[in-house]
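Encoded as C-alpha cells, the structure appears first; notes follow it.
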There are 2 protein chains.
Amino acid sequence: MRGKKDMMSGDDIRNAGLKVTLPRVKILALLEQSEQGHVSAEDVYKLLLDAGEEIGLATIYRVLTQFESAGLVTRHHFEGGQSVFELDRGEHHDHIVCIKCGRVEEFFDQTIEDRQQEIAKEKGFSVEAHALTIYGYCKDPACRAS
Amino acid sequence: MRGKKDMMSGDDIRNAGLKVTLPRVKILALLEQSEQGHVSAEDVYKLLLDAGEEIGLATIYRVLTQFESAGLVTRHHFEGGQSVFELDRGEHHDHIVCIKCGRVEEFFDQTIEDRQQEIAKEKGFSVEAHALTIYGYCKDPACRAS
DNA sequence: CAACAAATGAGATGCTTTTGCATTCTGCCA
DNA sequence: TGGCAGAATGCAAAAGCATCTCATTTGTTG
Ligand SMILES: [Mn+2]
Ligand SMILES: [Mn+2]
Ligand SMILES: [Zn+2]
Ligand SMILES: [Zn+2]
C-alpha cells in the first residue's frame with residue numbers, strides 16, 4: 001500500500017522529466033497526505049522538519065516551481081504574504097477563504113465559468129487562466145464577523 | 001474648471017481626515033487623470049517624476065494605503081509583481097488582463113456576483129470581498145496567443 | 001505668526017522568493 | 001557493479017516589493 005503510493009509519486013516525478021530525489025519524493029508525499037491541502041512553501045518546510053526531514057527552503061521553492069511547471073501542483077496568490085500550493089488533481093476549482101482563521105474551501109461553478117468565457121469573448125480576449133477567490137468569515141462561531 | 005477639480009481633490013483628502021499636502025494632492029490628481037487607470041506605486045512615482053514632481057516612493061506607498069483605507073482608492077493583487085491601484089469610483093467591478101501587453105479591462109457581471117453569494121451561503125461563509133481576474137490575450141494582433 | 005501635530009524623505013529593515021556556486025547525488029552505461 | 005557526466009541540493013547572498021524609523025519639514029489652528 002505505502003509502497004504503491006511511493007512508486008506513484010516516483011512515477012509522477014519521473015514523468016515530469018525530473019530526477020527522483022529524496023526532497024522531491026518527500027515534498028510530493030507531503031502534498032498528497034496534507035490535511036490542509038493548501039500550504040505555503042514555509043508550511044512545507046516546517047511540516048517536513050516536524051517529520052524529521054530537513055530540506056532547504058530554497059529547494060522547496062525550486063521543487064514546487066518545477067512541480068507547477070510540470071502540472072503536478074497549482075500555485076495560488078491569496079492575499080497577504082506567501083504563495084499557497086496544492087496538488088493539482090486535474091479538476092479546476094476556485095476558493096473561498098476565511099479571513100479570520102484561514103480556512104480554505106473549494107468550489108466549482110459552471111455558471112461562473114461560462115460567464116467568464118462570454119465576458120472574454122465580448123472583450124475580444126482569449127482566456128488562459130483566471131483566479132477567483134471569495135474572502136469572508138467562515139461558519140466557525142469564533143470567526144463570525146463582529 | 002481645473003480649480004474646481006483641485007478643490008474636489010482637496011475636499012476628498014480632507015474628508016478622509018488627512019492633511020491636504022502637496023504629495024497627496026499630486027497623487028490623487030494623477031490617479032484622476034491617469035489614462036491607464038490601473039497603476040503601481042512605482043508607476044505613480046515615475047509618472048510624477050516625469051511631471052517634475054519628486055515624491056518619495058515611501059510616501060507614495062503610505063499615501064496610497066491611506067487612500068485605500070479612506071475608500072478613495074482600491075488595491076488589486078494581479079499576478080506577478082507589484083500591487084496595482086485605481087481610483088475608487090464607487091462601482092465594483094472585476095478585471096480581465098492581457099498577459100502579453102498588460103492591458104486591463106473592467107467588467108461587472110451580476111450573474112457572477114449572485115452566484116458568489118449563493119456559494120458563500122452554501123458554505124456558511126459571509127462575503128466580505130472577492131477578487132476575480134481573468135488572464136488571457138487581448139484582441140491586439142501582436143498579443144494573440146501563438 | 002507662533003506652536004504643535006502630522007507628514008515627508010532617505011535609508012534601513014522585513015519578508016518572501018530567487019539565484020550563484022561549491023558539493024553531493026542520480027541515472028546510465030561500460 | 002563502478003564510475004562518470006550532468007542534475008539537484010544547501011547555504012548564503014541577492015533581488016523585489018513594501019513598510020518602518022527618525023530627523024526634518026509642512027499644514028493647521030488659534
Ligand atoms: Mn484548492
Ligand atoms: Mn479597475
Ligand atoms: Zn474561520
Ligand atoms: Zn494585449
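Chain naming here is simple, since letters A, B, ... match the order of the sequence lines and numbering starts at 1 in each. Given the structure is predicted, the values throughout are model-derived calculations rather than measurements.
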Hey, are T65(B) and R75(B) close enough side-chain-wise for a donor-acceptor pair under 3.5 Å?
yes
Can a donor-acceptor pair be found between the side chains of E86(B) and H95(B) at a distance below 3.5 Å?
yes
Could you tell me whether R115(B) and E113(B) make a salt bridge, using a distance below 4.0 angstrom between a side-chain N and a carboxylate O?
no
Could you tell me the separation between the [atom1] atom of [X] and the [atom2] atom of [N], rounded to a whole number of Å?
{"X": "H77(B)", "N": "dT17(C)", "atom1": "NE2", "atom2": "P", "result": "13 Å"}
{"X": "L64(A)", "N": "dT18(C)", "atom1": "CG", "atom2": "C1'", "result": "13 Å"}
{"X": "Y61(A)", "N": "dC11(D)", "atom1": "OH", "atom2": "P", "result": "16 Å"}
{"X": "Q82(B)", "N": "dA18(D)", "atom1": "CD", "atom2": "C1'", "result": "10 Å"}
{"X": "Q66(A)", "N": "dT18(C)", "atom1": "CD", "atom2": "C1'", "result": "13 Å"}
{"X": "L57(A)", "N": "dA13(D)", "atom1": "CG", "atom2": "P", "result": "16 Å"}
{"X": "L18(B)", "N": "dT28(D)", "atom1": "CG", "atom2": "C1'", "result": "14 Å"}
{"X": "E42(A)", "N": "dT18(C)", "atom1": "CD", "atom2": "P", "result": "14 Å"}

What's [X] touching, base or sugar-phosphate or nothing? Going by heavy atoms closer than 4.0 Å.
{"X": "R24(A)", "result": "sugar-phosphate"}
{"X": "E54(A)", "result": "sugar-phosphate"}
{"X": "S83(A)", "result": "sugar-phosphate"}
{"X": "I55(B)", "result": "sugar-phosphate"}
{"X": "T21(B)", "result": "sugar-phosphate"}

Out of [options], whichever nucleotide has its closest atom nearest the side chain of [X]:
{"X": "V20(A)", "options": "dA12(D), dG27(C), dG11(C)", "result": "dG27(C)"}
{"X": "K19(B)", "options": "dA18(D), dT9(D), dG27(D)", "result": "dG27(D)"}
{"X": "R62(B)", "options": "dT17(C), dT9(D), dT21(D)", "result": "dT21(D)"}

Below 30° counts as parallel, above 60° as perpendicular, anything between as tilted: where do the rings of H130(A) and H92(A) land?
perpendicular
Parallel, tilted or perpendicular, judged at 30° and 60°: which one describes the rings of H93(A) and H38(A)?
perpendicular
